[in-house]
Amino acid sequence: MSEEKSLNFIEEIISQDLASGKYASILTRFPPEPNGYLHIGHAKSICLNFGLSKQFGGGTNLRFDDTNPAKEDIEYVDSIKADVKWLGFDWVKECYASDYFDQLYAFAIKLIEKGVAYVDDSSAEEIAQQKGTPTVPGTGNAFRNRSIEENLTLFAAMKAGEYEDGAKVLRAKIDLASPNMHMRDPLLYRIKRAHHHRTGDDWCIYPMYDFAHGQSDAIENITHSICTLEFIPHRPLYEWGIEQLGIYPSKQYEFARLNMTYTVMSKRKLLQLVEEGHVESWDDPRMPTISGMRRRGYTSDSIRDFCERIGVAKRENIIDLSLLEFCVREHLNKIAQRRMVVTNPIKLVITNYDKGEEILHSENNPEDPNGGTREVPFSNELWIEREDFMEEPTKKYFRLGPGLSVRLKSAYIVTCESFEKDAAGNITTVFATYHSESKSGQDTSGIHVKGTLHWVSAKHAIPVELKEYDRLFSVEDLSNADGDFKDYINPNSLKSVAAYAEPALANDALEAHFQFLRKGYFYQDTNSTKGKLIFNRTVTLKDTWAKEQKK
RNA sequence: UGCCUGAUGGUGUAACGGUAGCACAACUGUUUUUGGUGCAGUUUGUCUUGGUUCGAAUCCAGGUCAGGCAACCA
């Protein structure tokens, strides 16, 4: 029982609400605007909302906050649904703010009838002017005193399409001198002729966020409406709407959004990266989008684990990318199939191997005793990594060099005898002898070596392409960097490299996650075909040797 | 200069008036047929000044710093 995890502040609130009998069960919602693809920041919100209802008993609605047709599209709706499902969550109801347009319109009429909403003919500039500034109170205008009848007529005419875009708005009549700018007669409806992805051209007036969100929550009987910190100043307005309308009293709570090092977390900026061609698409494996991470080879388990570990609080944060990488390595280490792939190859010739070739066996996953083995062909000509040979080895170098011995993974121990260079001085071939009694699993040689290398039999090797990704940006904290965020794009975020793979890879399942021994975790790209295998590097292995070398 | 949030090691997050803990990162050592994994360990912290109290990260007051708010965006 001492293992019991402490509750975050929202879990505290909910457990108290449940204990006090305020609610019998809870209903949360995840309310994206369908104007872009979901990213890892949304994953935090998804895990929070769906996780809460799972944890405390209840449900979560998926609600599209589609009140601005100019920016929204069905493509985004579809991708959002796919991403939420992939993350492993099911919604109770699929809702759309646009389904409530009639209801919302009726709510607006109710406010007009109560004398707390009015039609304003002012321009956007005039309204902004009249709102004052945070330190200077706003001033009213003549429209504010229109009669209820006139407002009713005008608002109906707005809906009927009698005015041009921008000619009139509906505003709440609250307090032009409020210290909270959002309470200075906020806009409720604007005229906007744009084709809506669901309601088509039925409407030419659309409700603003502040007259749609809380109302939608109330219509759905959401108990806990959880949003990010920037909506704190909207809360009084959220509550004002509920009170004036006398509708279900959903409660709004705010938490700090996720920020991560070396990336951006804003749909606007991500859209810019896509549109300006800095990345291929929304699901470019370098993007912090759910679809990009999925394509790169992240597992939903690891993303949920990450969201669990980062916690939920009210203070601003910036999470190390290394935590995300830790989470995905931890999961992939348990499930990934091990394979051998050589990138920058040099030939290793085993001079005393005269069997031609033989089939060896190697475990698919040492972490999984039931993972089985696969067949790996061995011969006297192998590819090994160029960096696994050193002409003049340094002290702590455990690999191949003149006179040095290593274990070839799942095969034999070999000893380097000599090597050849081309005219330019590059090593072309390394010659070695093998110890026949050192065969993996039945080693009676008594020889002990410190290094083990991966390898691929040259004549059996299949060519593949690897996409090695690095961080998208070159600075940790983009929010504190001067100038345009695009100035910090890492020009080396993608490297394509040709490689030789062991033949088993050609027959493996497309959806499998792999660990290419000593190189990292890889996942087949969506553009990969049987004839041309392409793998995305999800994440490297932890490399303490690389660190050692830097010293 | 108004209002609203917030401030605990490098980064996150706990401790709800009573031993500042956990994770990641970093660093040691150890194990290992992946310089991976596993295991053991080390380093580093309560923004500041007062007050209340036997006792304050926690309560109170002042200050400092950071973020948000003046879209017909959400």
- prompt: On a whole-Å scale, what distance lies between the P atoms belonging to B:rC59 and B:rC16?
  reply: 11 Å
message: Tell me if the aromatic rings of A:Phe535 and A:Phe516 count as close, with their centers under 6.0 Å from one another.
response: yes
Please produce a list of atom pairs where a protein N or O lies less than 3.5 Å from an N or O of nucleotides 57-60 of chain B.
none

query: Is the distance between the ring centroids of A:Phe514 and A:Phe522 less than 6.0 Å?
result: no
- prompt: With rounding to whole Å, what would you report as the distance between B:rC65 and B:rG29 at their C1' atoms?
  reply: 41 Å
message: So, OP1 or OP2 of B:rG36: does either fall under 4.0 Å of a side-chain N or O from A:Thr544?
response: yes
query: Taking the side chain as C-beta and beyond, is there a heavy-atom pair between A:Leu541 and A:Lys519 under 4.5 Å?
result: no
task: Give RNA chain B the dot-bracket treatment, 5' to 3': Watson-Crick (N1-N3 with N6-O4 or O6-N4) or G-U (N1-O2, O6-N3) under 3.5 Å, [ ] crossing, | other strand.
output: .((((((..((((....[..)))).(((((.......)))))....(((((..]....))))))))))).....
- prompt: Touch check for A:Gln515, heavy atoms < 4.0 angstrom, all strands: base, sugar-phosphate only, or nothing?
  reply: base
Salt bridge present between A:Arg471 and A:Glu476 (N-O < 4.0 angstrom): no
message: Rounding to an integer number of Å, can you tell me how far A:Phe255 CZ sits from B:rG68 C1'?
response: 15 Å
task: Look at A:Arg518 together with A:Glu387 and state whether they make a salt bridge at an N to O cut-off of under 4.0 Å.
output: no
task: With heavy atoms under 4.0 Å as the rule, sort A:Leu517 into base, sugar-phosphate or nothing.
output: base
- request: Run the ring-centre check on A:Phe101 versus A:His196 and record whether the distance is less than 6.0 Å.
  value: yes
field: Salt-bridge criterion met for A:Glu358 and A:Lys439 (N-O under 4.0 Å)
entry: yes
task: Would you state whether a donor and an acceptor, one from the side chain of A:Arg518 and one from the base of B:rU34, lie under 3.5 Å apart?
output: no
message: Give me the distance, rounded to whole Å, that separates B:rG12 from B:rU53 when you measure between the C1' atoms they each carry.
response: 32 Å
message: Between the side chains of A:Asp508 and A:Arg374, is the shortest nitrogen-to-carboxylate-oxygen separation below 4.0 Å, so that they form an ion pair?
response: no
- request: Could you tell me if the ring centre of A:His234 sits under 6.0 Å from that of A:Tyr209?
  value: yes
B:rG45 to B:rG10 separation - C1' atoms, rounded to the nearest Å: 11 Å
field: Nearest-Å distance once atom C1' is located in both B:rG63 and B:rC73
entry: 37 Å
- prompt: Less than 4.0 Å between a side-chain N and a carboxylate O, is that true for A:Glu385 and A:Arg399?
  reply: no
- prompt: Is A:Glu12 side chain donor-acceptor paired with the B:rC16 base, going by distance under 3.5 Å alone?
  reply: yes
message: Return a single string for nucleotides 27-32 of chain B, one symbol per nucleotide in 5' to 3' order, where B is base contact, S is sugar-phosphate-only contact and - is none, cutoff 4.0 angstrom on heavy atoms.
response: SS----
- request: Answer yes or no on whether A:Lys192 is positioned over the face of A:Tyr206, meaning its NZ or CZ is under 6.0 Å from the six-membered ring centre and within 45° of the axis.
  value: no
query: Does any N or O donor sit under 3.5 Å from an N or O acceptor when you compare the side chain of A:Thr452 with the base of B:rU34?
result: no
message: Here's a test of your reading of the structure: between A:Leu229 and A:Thr135, which maps to the more 5' nucleotide of RNA chain B?
response: A:Thr135
- line: Rounded to whole Å, CZ of A:Phe306 lies from C1' of B:rU13 at a distance of 13 Å
message: Quick check on contacts: within residues 309-321 of chain A, what sits under 4.0 Å from RNA chain B by heavy-atom distance?
response: A:Arg309, A:Ile310, A:Val312, A:Ala313, A:Lys314, A:Arg315, A:Glu316, A:Asn317, A:Ile318, A:Ile319, A:Asp320
- prompt: Please, which pairs that meet side chain to side chain donor-acceptor pair (under 3.5 Å) have at least one residue in residues 176-185 of chain A, sequence neighbours excluded?
  reply: A:Tyr118-A:Asp185, A:Arg144-A:Asp185
- request: Take nucleotides 69-74 of chain B nucleotide by nucleotide from the 5' end and write B, S or -, depending on whether a protein heavy atom sits under 4.0 Å from the base, only from the sugar-phosphate, or from neither.
  value: SBSBSB
